[in-house]
Amino acid sequence: MKATIIYGTNAGSTREAALVVQNVLVQHGVDVRVLSAADTQADDLRGADLVVFGSCTWDALSADGRLEGQMQQHFLELRARLGGQKFSGQRFAVFGLGDRSYTEFCAAADKLVAFVQELGGVAVAQPLRIDGYFFRLDENQRLVEEWARSIAGELAPQAQKPGKE
């Protein structure tokens with residue numbers, strides 16, 4: 001089994017969460033690649049049994065003003081690079097990081113779900129939304145681990161259970 005985790009981060013929290021997902025999937029016998037959305041090309045999505053998208057939620061500036069609740073900039077650029085390509089039937093999972101003090105809490109997760117739909121992908125789990133990742137690090141890492149175990153279960157029976165040969 002192969003998975004590709006693609007993240008977009010501003011301050012490093014989404015990358016850290018992606019590495020937690022990687023660790024859990026590896027424990028389940030999955031071969032995992034972790035890539036920044038900035039470095040991702042269409043071929044990186046092909047050949048994976050699962051693609052995981054993770055993004056912080058941030059505010060973008062445009063000619064129309066401030067746009068709250070956006071995917072991280074590198075995901076916006078990735079979307080443009082993919083230029084409407086389809087990945088029909090590709091399995092995806094999505095997580096988003098945010099802060100409840102903002103109006104658009106974890107809206108990047110919703111934008112990533114829409115992106116997966118545009119790509120023709122299939123969601124294997126409900127999106128994970130994490131509030132203030134570094135402010136409650138132990139609790140949030142546990143939530144990410146639980147979610148990652150659930151998506152590892154979606155790869156079964158092909159993926160091994162932890163500790164099994």
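Every value quoted in this text rests on a predicted model; they were computed, and no experiment measured them.
Between the side chain of R136 and the main chain of D131, a donor-acceptor pair closer than 3.5 Å is present. Put simply, the side chain of E146 never gets that close to the backbone of L143: no donor and acceptor are under 3.5 Å apart. Looking at T57, its side chain does come within 3.5 Å of a backbone N or O of A108 through a donor-acceptor pair. Judged by distance alone, the side chain of D44 and the main-chain N or O of L35 form no donor-acceptor pair under 3.5 Å. Using modelled atom types, one side-chain atom of Q90 and one backbone atom of A48 make a donor-acceptor pair closer than 3.5 Å. A donor-acceptor pair under 3.5 Å is absent between the side-chain atoms of Q72 and the main chain of C56, judged by distance alone. In terms of modelled atom types and a separation under 3.5 Å, the side chain of N23 and the main chain of L19 share no donor-acceptor contact.
Looking at heavy atoms from C-beta onward, I130 lies in side-chain contact with L128 at the 4.5 angstrom threshold. With contacts defined as side-chain heavy-atom distances shorter than 4.5 Å, the pair R142/D138 does not qualify. V32 is not listed as a side-chain neighbour of T4, based on a closest heavy-atom distance of 4.5 Å or more. Annotation: side chain of D49 is in contact with side chain of R91 (closest heavy-atom distance under 4.5 Å). Side-chain contact between L45 and T40 is present, with heavy atoms from C-beta onward closer than 4.5 Å. F115 places none of its side-chain heavy atoms less than 4.5 Å from the side chain of V94. Between L112 and F92, every side-chain heavy-atom pair lies at or beyond the 4.5 Å cut-off. In this structure the side chain of V21 reaches within 4.5 angstrom of the side chain of W147, judged on heavy atoms.
The two residues L25 and A148 have their closest heavy-atom pair at CD2-O, 3.9 Å. Smallest separation of non-hydrogen atoms from C106 and G98: SG-N, 3.4 Å. Minimum heavy-atom separation, A17 to L97: CB-CD1, 4.4 Å. The minimum heavy-atom distance linking S36 with I6 is given by the pair C-CG2, 4.3 Å. Between G54 and F75, the shortest heavy-atom distance links the atoms O-CE1, 3.1 Å.
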Step-by-step side-chain contact (heavy atoms from CB on, under 4.5 Å) determination, E145 to V20: CA-CA 7 Å; E145 288 170 354; V20 172; 3.5 Å; yes
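Every salt bridge (Lys or Arg N to Asp or Glu O under 4.0 Å) that E118 has, sequence neighbours left out, goes to R79. Partners of R46 by salt bridge (Lys or Arg N to Asp or Glu O under 4.0 Å), not counting sequence neighbours, listed by chain and number: D43.
Within a 6.0 Å radius of CZ in R15, no more than 12 heavy atoms belonging to other residues, nucleotides or ligands are found. Sparse packing is recorded around NZ of K2, with 12 or fewer heavy atoms of other residues, nucleotides or ligands lying under 6.0 Å away. Counting non-hydrogen atoms of other residues, nucleotides and ligands closer than 6.0 Å to CD of E139 gives a total above 12.
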